[in-house]
Amino acid sequence: MTHYFGFLLITMKIEKFFNIRTLAPIATVCAVAYYLLLRDNFLHTSIGSIVQNSHHFKIIAHLIILGLLPIYIGTMLFGAAMVGIYVGNSVDTRTRVKK
């Protein structure tokens with residue numbers, strides 16, 4: 001029973017910082033970044049496109065590109081989350097009702 005109250009307390013603290021005006025942009029931007037990483041499009045930012053284009057390089061450059069690929073993925077996802085947080089906070093401060 002005490003675990004439930006602890007979870008409820010954590011949820012209440014999280015709701016103070018995140019609401020629908022901040023979570024919606026974060027989810028949207030992260031979904032777009034996830035789509036860009038998985039699907040090949042005209043931007044050639046997908047993981048498959050990067051691996052396919054790296055086959056044309058020498059072996060050392062190919063291994064460097066594959067070694068840096070996790071950093072690229074992390075940068076895309078966390079960068080998208082940061083942009084979503086910024087947009088969400090901007091929307092939240094501009095639509096907040098003044099008392």
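All of these numbers come straight from a predicted model, not from anything done at the bench.
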Kindly work out whether a path of hydrophobic side-chain contacts (I/L/V/M/F/W/Y, heavy atoms less than 4.5 Å apart) joins [X] to [Y].
X     : Y     : answer
Ile47 : Leu36 : yes
Val87 : Ile26 : no
Ile50 : Phe42 : yes

Could you grab the distance from atom [atom1] of [X] to atom [atom2] of [Y], nearest 0.5 Å is fine?
X     : Y     : atom1 : atom2 : result
Ser46 : Leu38 : OG    : CG    : 8.5 Å
Met82 : Cys30 : CE    : SG    : 11.5 Å
Asp40 : Leu37 : CG    : CG    : 12.0 Å

Side-chain donor-acceptor pairs under 3.5 Å in residues 58-80, sequence neighbours left out?
{"unit_1": "His62", "atom_1": "ND1", "unit_2": "Ser54", "atom_2": "O", "d": "3.1"}
{"unit_1": "His62", "atom_1": "ND1", "unit_2": "Ser54", "atom_2": "OG", "d": "3.0"}
{"unit_1": "Tyr72", "atom_1": "OH", "unit_2": "Thr45", "atom_2": "O", "d": "2.9"}
{"unit_1": "Thr75", "atom_1": "OG1", "unit_2": "Ile71", "atom_2": "O", "d": "2.7"}

